[in-house]
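See below for the structure under consideration.
In what follows, chains are A, B, ... by sequence order, proteins preceding strands, each numbered from 1. Computed over heavy atoms, backbone and side chain alike; hydrogens, waters and symmetry mates excluded. Note that the structure is a prediction, hence the values are computed from the model and not measured.
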There are 2 protein chains.
Amino acid sequence: MTQKGNASRERITAIANNLIYTKGYNQTSVAEVADAVGITKGNLNYHFRSKDDLLQAVIANRITTIIATLQQWDHDYPQAKSKLKRFVQMLRSEEESIVRYGCPMGSLNVELGKDQLPLKDKAWQMFDLYQKWLAKIFVQLGYKNSKSMSKHLLVMAQGAALMSYIYSDKKLLREECDRIEEWIDSI
Amino acid sequence: MTQKGNASRERITAIANNLIYTKGYNQTSVAEVADAVGITKGNLNYHFRSKDDLLQAVIANRITTIIATLQQWDHDYPQAKSKLKRFVQMLRSEEESIVRYGCPMGSLNVELGKDQLPLKDKAWQMFDLYQKWLAKIFVQLGYKNSKSMSKHLLVMAQGAALMSYIYSDKKLLREECDRIEEWIDSI
DNA sequence: GTCTATAAGAAGATAGAC
DNA sequence: GTCTATCTTCTTATAGAC
């Protein structure tokens, strides 16, 4: 709560995003965020009138990132199965943080799910972006049950992220990625 | 924080267990637990010197239950694959609560994982009981990689529980159980 | 915009009477 | 064992000066 700090909304949001991911939303105080940014609580409350308001901005930010990522993937990987593999690849490239902090989407949804329903809806949208994107691909692949298939892929990815997080086990995460990719090849 | 209440440790633990499951540990206050039990905070603090102490008792309780359950399953289902199916069956019979509150083990581990390391170790033991029990079965089935196989089954089960919880989707949970059972048949 | 100061409440835990 | 009362700390949020 010292230092100077040019505190644009974006700057605060980015730092809050990181803290909320690594510590959890309820376990992160606004004082901590302000401290990390280098401003005072009072100043932070000028930019965001409430803690929930801050989380909304964080989630909105994540949603924007996800949309951009999916567009990029659509552009980079024309083939349907390549898109699916790219999705799995995300688990591999993020293995370090997943094993330490879990999946940012999964953790946040679990945390908000028990109460705080209005915010949960926002957090839920993150999942739905991936799900709808995946479903589109399964349609391309000729599946009638594209929704079920896309959710199944999310189930495997979330299960892999969750268990490798709980066991702090990179090897497990890699093995599960292998299995998911085998599954993609087999369909 | 009114009413009379014969407050044995067991009674408090059972009620706390339920609240912690449905609301989450950090979102459950000791005042709430005391209220649900029908005693005062002061009294609760007589039985459990701290909130962490209370959670330890809750987890110890769960561990005892898990051990008893696994022994029962060992007794009731002599065949290896029947044991695995019984494990999956748990997801089906608990679908109502899983869809509403998630998996009690998974949620607690995620919640404690971000900080509170001493308690996480305790919570982690719950998972390990299942994992070791499953691994034993895969050994029976002749698998060299029994550990990997047992964790894979946990991955699928946890993924199914998590996603069906996030989507509040019983149909998804059932479909994923079907897939897991198909997998068991195929190995 | 950014600060200091402070309000207002919640939560965990303790002291002491009964 | 169980209660009432109190303490302390943490947390969110506001008020007002600069």
Polar atom pairs (N or O), protein with nucleotides 9-12 of chain D, under 3.5 Å:
residue, atom, partner, partner atom, Å
D/dT12, OP1, A/K51, NZ, 3.0
D/dT12, OP2, A/V30, N, 3.0

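- The side chain of B/H47 lies closest to D/dG1 when the candidates are C/dT2, C/dC3, D/dG1.
- Residues passing the side chain to side chain contact (heavy atoms under 4.5 Å, CB included) test with B/N17, sequence neighbours excluded: B/V58, B/R62.
- Rounded to an integer number of Å, the gap from CZ of A/F48 to P of C/dT2 is 12 Å.
- To the nearest angstrom, P of C/dA11 lies 16 Å from CG of B/D52.
- Remark: B/S29 pairs with B/A31, B/E32 by the side chain to side chain contact (heavy atoms under 4.5 Å, CB included) rule, at least two apart or across chains.
- Of the candidate nucleotides D/dG1, D/dC3, C/dT4, D/dC3 has the atom nearest to the side chain of B/T40.
- Residues satisfying the side chain to side chain contact (heavy atoms under 4.5 Å, CB included) criterion with B/A123, sequence neighbours excluded, are B/I59, B/L108, B/N109, B/L112, B/M126.
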Can you give the donor-acceptor pairs under 3.5 Å from side chains of residues 132-142 of chain B to other protein atoms, not counting sequence neighbours?
residue, atom, partner, partner atom, Å
B/K132, NZ, B/D128, OD2, 2.6
B/W133, NE1, B/D74, OD1, 3.2
B/W133, NE1, B/D74, OD2, 3.2

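- Taking atom OH of A/Y46 as the reference point, atom P of D/dG16 lies 17 Å away to the nearest angstrom.
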* Asked: Run the side chain to side chain contact (heavy atoms under 4.5 Å, CB included) check on B/M149 and B/I187 step by step: do they pass?
  -> CA-CA 10 Å; B/M149 294 292 277; B/I187 63 173; 4.2 Å; yes
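- With sequence neighbours left out, the side chain to side chain contact (heavy atoms under 4.5 Å, CB included) criterion links A/E181 to A/K85, A/V88, A/R92, A/D178.
- Put simply, CD1 on A/I39 is 14 Å from C1' on C/dT4, counting in whole angstrom units.
- Using a 4.0 Å cut-off, some side-chain N or O of B/N43 falls inside it from OP1 or OP2 of D/dC3.
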